[in-house]
Amino acid sequence: MDNVSVVTMFTLSGLNGISNYRVILFAITLLCYCVIWLVNVTIIVTIIVDKSLHEPMYIFLCNLCINGLYGTAGFYPKFLLDLLSTTHVISYAGCLLQGFVLHSSVCADFSILVLMAYDRYVAICRPLAYHSVMTTQKICVFVVIAWLLPFYLLFLSTITTSRLRLCGSHIPKIYCVNFLVGKLACSASIANVIVPAFNYSFYFGHFMFVVWSYAYLIRTCLISKESRSKFMQTCLPHLFCLIIFAVCVLFDLLHMRFGSEEMSQNIQNFMAIEFLLIPPIINPLIYGLKLTKIRNRIQSFVCILFRQKS
């Protein structure tokens, strides 16, 4: 192909062979998406409405839930439409947009989880300096950076992908990602190698920072009984959510690069949507059940709602 404008549509082959049970799959997917909205919006509204929850940890949690809604919005509406359609195609611009939303959501998740790890590190290891370190102004700066930096890095990645000359339009997945679009290029591009490599290295550094901070936290908690109690109450949910998210993303990345084409398509599809299904549901549920303040506020809101109806 002479230029990139020749390819105007991509074919998504991940849903081939589902015609016999696509209605059931549509109902299950719609239910999951509704649950994602319900649990995340509940946490977001609870934190926004209750002023006693306007603390760094809860503000970061609120942003984590907002990012969960943002990321899933890049997948579920299109996926639901594909389940009702006999042709599974996406426009070139739509493919790049979907890849940008999904990738930036993953990166923003890592950024916010790093902020939450840093917040717990300061709260447990430097409790006397907590309020001077985690000021309102610094929190606003942290949150803005956590959102803008992934957007900027993924914008660069999307731009480099859009400049490739493509010699194909078949994507063996149920959604678009820049990596698979790049594999359709007629020739290799240095920029398309360097930019993703930098992004992966940068967010691997995020992950290593979280590992270091928790190693330091655990060592501190072994000394102090009070710190141990605080760790079990506030750090354990965060650590559990981080592990779930990292495992889901790692499975998808490894499958895209080293996965066998002989693997069942249903297994491939499940591995592809793990990070769009498990973390957006599990994260707010874990925090909502484990963090006492949020659990009590939700219970009080539910009680008030039922009293008004009765």
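Side chains are part of it too, since the values below use all heavy atoms of this structure and drop only hydrogens, waters and symmetry mates.
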Ring centres under 6.0 angstrom apart ([X], [Y]):
X: Trp212; Y: Tyr121; answer: yes
X: Tyr175; Y: Phe79; answer: no
X: Phe209; Y: His206; answer: no
X: Phe10; Y: Tyr92; answer: yes
X: Tyr58; Y: His54; answer: no

Between [X] (side chain) and [Y] (backbone), is there a donor-acceptor pair under 3.5 Å?
X: Asn40; Y: Ile36; value: yes
X: Ser162; Y: Ile159; value: yes
X: Ser157; Y: Leu153; value: no
X: Ser85; Y: His88; value: no
X: Asp119; Y: Pro56; value: no
X: Asn199; Y: Leu154; value: no

Do the side chains of [Y] and [X] get nearer than 4.5 Å, heavy atoms only?
X: Phe110; Y: Val210; result: no
X: Arg295; Y: Thr46; result: no
X: Leu53; Y: Arg297; result: yes
X: Val133; Y: Tyr118; result: yes
X: Asn283; Y: Leu61; result: no
X: Leu184; Y: Ile171; result: yes
X: Lys138; Y: Phe142; result: yes
X: Leu25; Y: Leu83; result: yes

Separation of [Y] [atom2] from [X] [atom1] (nearest 0.5 Å):
X: Ile174; Y: Ile90; atom1: CD1; atom2: CD1; result: 12.0 Å
X: Ile194; Y: Ser201; atom1: CD1; atom2: OG; result: 11.5 Å
X: Leu84; Y: Arg22; atom1: CG; atom2: CZ; result: 7.0 Å
X: Ile59; Y: Met134; atom1: CD1; atom2: CE; result: 8.5 Å
X: Ile273; Y: Cys32; atom1: CD1; atom2: SG; result: 7.5 Å
X: Asn67; Y: Asp109; atom1: CG; atom2: CG; result: 4.5 Å

Q.
What verdict does the side-chain contact (heavy atoms from CB on, under 4.5 Å) test give for Leu69 and Val41, after you've listed the backbone C-alpha separation in whole Å, the side-chain angles of each residue and the deciding distance to 0.1 Å?
A. CA-CA 9 Å; Leu69 296 180; Val41 169; 4.0 Å; yes
Q: Answer yes or no: does atom CZ of Phe204 have more than 12 heavy-atom neighbours from other residues, nucleotides or ligands under 6.0 Å?
A: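 Not buried by this count: 12 neighbours or fewer within 6.0 Å.
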Q. More than 12 foreign heavy atoms under 6.0 Å from CZ of Phe155: is that the case here?
A.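 Incorrect, the count does not exceed 12.
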Q. Mind checking who shares a hydrophobic cluster with Ile24, ILVMFWY linked at side-chain heavy-atom distances under 4.5 Å?
A.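 Besides Ile24, the hydrophobic cluster comprises Ile28, listed by chain and residue number.
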Q: Could you list who else is in Leu81's hydrophobic cluster, with ILVMFWY side chains joined at under 4.5 Å, directly or through other members?
A: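 Its cluster partners, ordered by chain and number, are none at all.
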(Q) Taking disulfide bond (SG atoms under 2.5 Å apart) as the definition, give me every residue that meets it alongside Cys176, ordered by chain and number, with sequence neighbours left out. (A)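 So Cys176 forms a disulfide bond (SG atoms under 2.5 Å apart) with Cys95.
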Do [X] and [Y] share a hydrophobic cluster, counting only Ile, Leu, Val, Met, Phe, Trp and Tyr and linking them when any side-chain heavy atoms are less than 4.5 Å apart?
X: Val49; Y: Leu38; value: no
X: Tyr130; Y: Val143; value: yes
X: Ile48; Y: Ile66; value: yes
X: Ile243; Y: Leu276; value: yes
X: Phe198; Y: Val177; value: yes

Considering all heavy atoms, the nearest [X]-[Y] contact:
X: Ser169; Y: Met9; value: CB-O, 3.4 Å
X: Thr72; Y: Pro77; value: O-CD, 3.8 Å
X: Ile244; Y: Pro279; value: CG2-CG, 4.3 Å
X: Ser105; Y: Gly71; value: OG-CA, 3.2 Å
X: Asn178; Y: Gly99; value: OD1-CA, 4.2 Å
X: Leu166; Y: Val181; value: CD2-O, 3.7 Å

Q: Decide side-chain hydrogen bond (donor to acceptor under 3.5 Å, both in side chains) for Trp147 and Asn63; before the verdict, give the C-alpha distance in whole Å, the side-chain angles of both, and the deciding distance to 0.1 Å.
A: CA-CA 9 Å; Trp147 281 102; Asn63 280 271; 2.9 Å; yes
Q) Going through the checks in order, is the side-chain contact (heavy atoms from CB on, under 4.5 Å) test met by Leu277 and Ile281? A) CA-CA 7 Å; Leu277 175 65; Ile281 293 178; 4.0 Å; yes
Q: Kindly assign one of parallel, tilted or perpendicular to the pair Phe151 and Phe100, based on the angle between their ring planes and the thresholds 30° and 60°.
A: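 Phe151 and Phe100: tilted rings.
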Q.
Apply side-chain contact (heavy atoms from CB on, under 4.5 Å) to residues Phe270 and Glu274 and explain how you reach the verdict.
A. CA-CA 6 Å; Phe270 177 74; Glu274 273 185 310; 3.7 Å; yes
Q: Could you go through the side-chain contact (heavy atoms from CB on, under 4.5 Å) check for Tyr203 and Val114 one step at a time?
A: CA-CA 10 Å; Tyr203 283 99; Val114 164; over 6 Å; no
Q. Between Tyr33, Trp37, Tyr70, which is the residue that forms a ring-ring contact (aromatic ring centres under 6.0 Å, His included) with Tyr76?
A.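 Per the ring-ring contact (aromatic ring centres under 6.0 Å, His included) rule, the option paired with Tyr76 is Tyr33, out of Tyr33, Trp37, Tyr70.
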